[in-house]
Amino acid sequence: MIGSLPPAAVMILGAILVPALRGRLQKAYILALPLVGLAYLISLGEGQFGQVTVFSYDLTLVRIDGLSRLFGYLFHIAALIGLIFAMRAKSSMEHVAALVYAGAAVGAVGAGDLITLFVFWELLAVSSTFLIWARETERSYRAGMRYLIIQVGSGVLLLSGILVHSQATGSVAFEHLGVGTLGTNLIFLAFGIKCAFPLFHNWLTDAYPEATYSGAVFLSAFTTKVAVYALARGFAGTDVLILIGAIMTGFPIFFAVIENDLRRVLGYSMINQIGFMVCGIGIGTELAINGAVAHAFNDVLFKGLLFMSMGAVLYRTGKINGSELGGLYKSMPKTAALCMVGAASISAFPLFSGFVSKSMVMSAALHEGHDWVWLVLLFASAGVFHHAGIKIPFFAFFAHDSGIRVKEAPRSMLVAMSIAAFLCIFNGSFPNVFLYANLPFPVDYIPFTSAHVIAQLQVLFFSALAFVWLNLSGRYPPELRSTNLDVEWVYRRVAPRIVGGVTAMATSARAGVLGVLRGALNGLLTVVQRHAGPGGVMARTWGTGTSVIWVALLLSALLLMYYAR
Amino acid sequence: MATDSHGSDHSAGDDGRQHVFDDPKNVKRLMRTFYAICIGVFALDLVNLVQGWMGAHELRHAERTWEGLPGFYAFYGFVGCVFLVLVAKVMRTFLMRDEDYYDR
């Protein structure tokens, strides 16, 4: 029996019992699940487990190797930290959703075949939506719906890609795919949507800030990192990823500077960090892939820490806009200090975690002769410090005193943030002990050369100097209550307006058209008889590939109609 | 949003205690330390330059000649961030809408 049970099942099936328990027992049980799951994953070692044949497809439910193992560890650790943070959540349904969501992430990175991947891919989408809806506001309901449609849309593309690909190659194994065929291109696009590629990135900045104070912590950990893993598995060394990654590091930081909702700032900064990983995957050398994976690991911890500190601020003050906060270091000094550990880590200060992983990707870019890309990444590194490293702690905890006086964050939240902060410093100071030892390829990279450390300190301190100068000279844009238009404008404003207009026209035209239609119906029946009757074009047997595309189109149209409803 | 707030102390305003940055002297001290570090990390590049002339082992060995120029990283970080903020400010002029733009 043991060995055929996927590690993902511990948290997913274990979640079922949560509502049946109460009080301390329930809390202990919730926290035990990720620990048991992690122990089970470690005990399995490397290898492939749970091979089954469903219809004619050979499925491998669990594959643990150099690439998937660290992600498996990471998701258990992130689940544990998040669950401690979420101990005070209003209802246990949030814990259930989080457990299923974390389990789905573990399952997805353990999937040895594309069909198993697809199942967990959809489970990720559905379970995570409940973390947004748990906020129980009209805004969060609508944001959750938009999020779900896009996530399921990615799943539809993935399934179409898998079917076309398996039709063409006869295999559903989840190995290196590479772009170029219709099937793999569809899969690439599906991964890209979940990875928040430019133009597909707004679901992230739209939905995460609408989640509960703890929901955003889970959301930041799993979905995009599963996508990063999937890209590393299927599309390592794909050149276009270098360009996509570089764009991802660059454009979101402009939005982050003018964004007022501090959790949305973190959302933009997440896209920026994923950009470094995508770039590393595109470069595709051992150093670059190691860097991408290490950075994914570190990002979950420091971004989780930042989301937790902002979650604690939201929990205590009920506010999250930079324009309404400030001076909170007076009443939440511990949260402020922990937030700054996260800020130092994401900014890649030496001895903090971001430094040891981001520098791998950047070194790889320079080694491979991508000088221009390297310059963009360096600009993005300076920008990260500017908006995530300085702006977040500064406007929440310092700046002008908003006069808000609250209690320090509850103990459970401080414990969760402290664990994350400890891991950020530990990985940043002793990368060889755990992080480098568990990367997909052997590491002969030394982050702490005098050249690296000095260059990084110069970039960081002079970025900070720019912030100081802009602020003191009154050139820094103030935090304003506002919304900034992004790509989402197309589907949140333009498309509904068009649909609304068309619907109105259609209604008035309907009456007139109906009469004409009745007359045309008889004629139509004759035509249908000709095409769909025996031997007609619609009655022919279509290739699976063509059918799949049509089904995908119809499903997507259905989703869109539901949204525009 | 009242539903999101847990444990606000509604006696908002000053709690009567003196906090570390309430004293302008402490702010000044912090800023002086910061400027000193900026000068310090910049000065390392001058040390590096001298080492290069003397043929000694360089503190900051460069992979590319342009990246090895004295002050490259400091300059790039400073100018990059000023560029970032000024462009973002311009973006506000055509991207910024009311907070409830999508809710209307």
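Side-chain atoms are counted along with the backbone in the values below, which use heavy atoms only and exclude waters and symmetry mates. The shown structure was predicted, so the numbers you read here are calculated from the model rather than taken from an experiment. First the proteins, then the strands, lettered A, B, ... as listed; each starts at 1.
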What residue, out of [options], has the most heavy-atom pairs lying under 4.5 Å from chain A?
{"options": "B:Lys89, B:Arg92, B:Arg97", "value": "B:Arg92"}
{"options": "B:Phe94, B:Phe72, B:Trp66", "value": "B:Trp66"}
{"options": "B:Ala88, B:Gly80, B:Ala74", "value": "B:Ala74"}

Grab the two heavy atoms, one from [X] and one from [Y], that are nearest each other, plus how far apart they are.
{"X": "A:Leu470", "Y": "B:Cys81", "value": "CD1-O, 4.3 Å"}
{"X": "A:Leu465", "Y": "B:Cys38", "value": "CD1-SG, 4.2 Å"}
{"X": "B:Tyr101", "Y": "A:Arg493", "value": "O-NH1, 2.8 Å"}

Most chain B-contacting option - heavy-atom pairs closer than 4.5 Å, from [options]:
{"options": "A:Val257, A:Asp261, A:Thr212", "value": "A:Val257"}
{"options": "A:Asp486, A:Leu460, A:Asn484, A:Ile320", "value": "A:Asn484"}
{"options": "A:Asp371, A:Thr449, A:Ile253", "value": "A:Asp371"}
{"options": "A:Arg481, A:Glu138, A:Arg88", "value": "A:Arg481"}
{"options": "A:Gly250, A:Ser363, A:Ala464, A:Ser381", "value": "A:Ala464"}
{"options": "A:Phe467, A:Trp489, A:Tyr476", "value": "A:Trp489"}

Toward chain A, the part of [X] with a non-hydrogen atom under 4.5 Å:
{"X": "B:Phe75", "value": "neither"}
{"X": "B:Val79", "value": "neither"}
{"X": "B:Asp45", "value": "both"}
{"X": "B:Leu84", "value": "both"}

Within 45° of the ring axis of B:Tyr102 and under 6.0 Å from its six-membered ring centre, is that where the NZ or CZ of A:Arg139 lies? no
A:Ile446 atom CD1, over 12 foreign heavy atoms within 6.0 Å: no
Would a 4.5 Å heavy-atom cut-off, applied to side chains only, mark A:Ile258 and B:Met96 as touching? no
Straight-line distance of [X] [atom1] to [Y] [atom2], nearest 0.5 Å:
{"X": "B:Glu67", "Y": "A:Trp374", "atom1": "CD", "atom2": "CH2", "value": "4.5 Å"}
{"X": "B:Tyr76", "Y": "A:Leu375", "atom1": "OH", "atom2": "CG", "value": "4.5 Å"}
{"X": "B:Phe42", "Y": "A:Phe461", "atom1": "CZ", "atom2": "CZ", "value": "15.0 Å"}

Short side-chain to backbone donor-acceptor contact, [X] and [Y], under 3.5 Å:
{"X": "A:Tyr329", "Y": "B:Phe21", "value": "yes"}
{"X": "A:Thr483", "Y": "B:Asp98", "value": "yes"}
{"X": "A:Arg475", "Y": "B:Val82", "value": "no"}

Can you find a side-chain donor-acceptor pair between A:Asn321 and B:Glu99 that sits under 3.5 Å? yes
So which part of [X] gets closer than 4.5 Å to some heavy atom of chain B, the side chain, the backbone, both or neither?
{"X": "A:Phe385", "result": "neither"}
{"X": "A:Ile390", "result": "neither"}
{"X": "A:Glu488", "result": "both"}
{"X": "A:Trp469", "result": "side chain"}

Who passes side-chain contact (heavy atoms from CB on, under 4.5 Å) against A:Val453, sequence neighbours left out? A:Pro350, A:Phe355, A:Phe448, A:Leu457
Sort by residue number and list every residue of residues 26-35 of chain B having at least one heavy atom under 4.5 Å from chain A. B:Met31, B:Phe34, B:Tyr35
Salt-bridge criterion met for B:Asp22 and A:Lys330 (N-O under 4.0 Å): yes
Please work out which of the three classes, parallel, tilted or perpendicular, describes the rings of B:Phe83 and A:Phe254, given edges at 30° and 60°. perpendicular
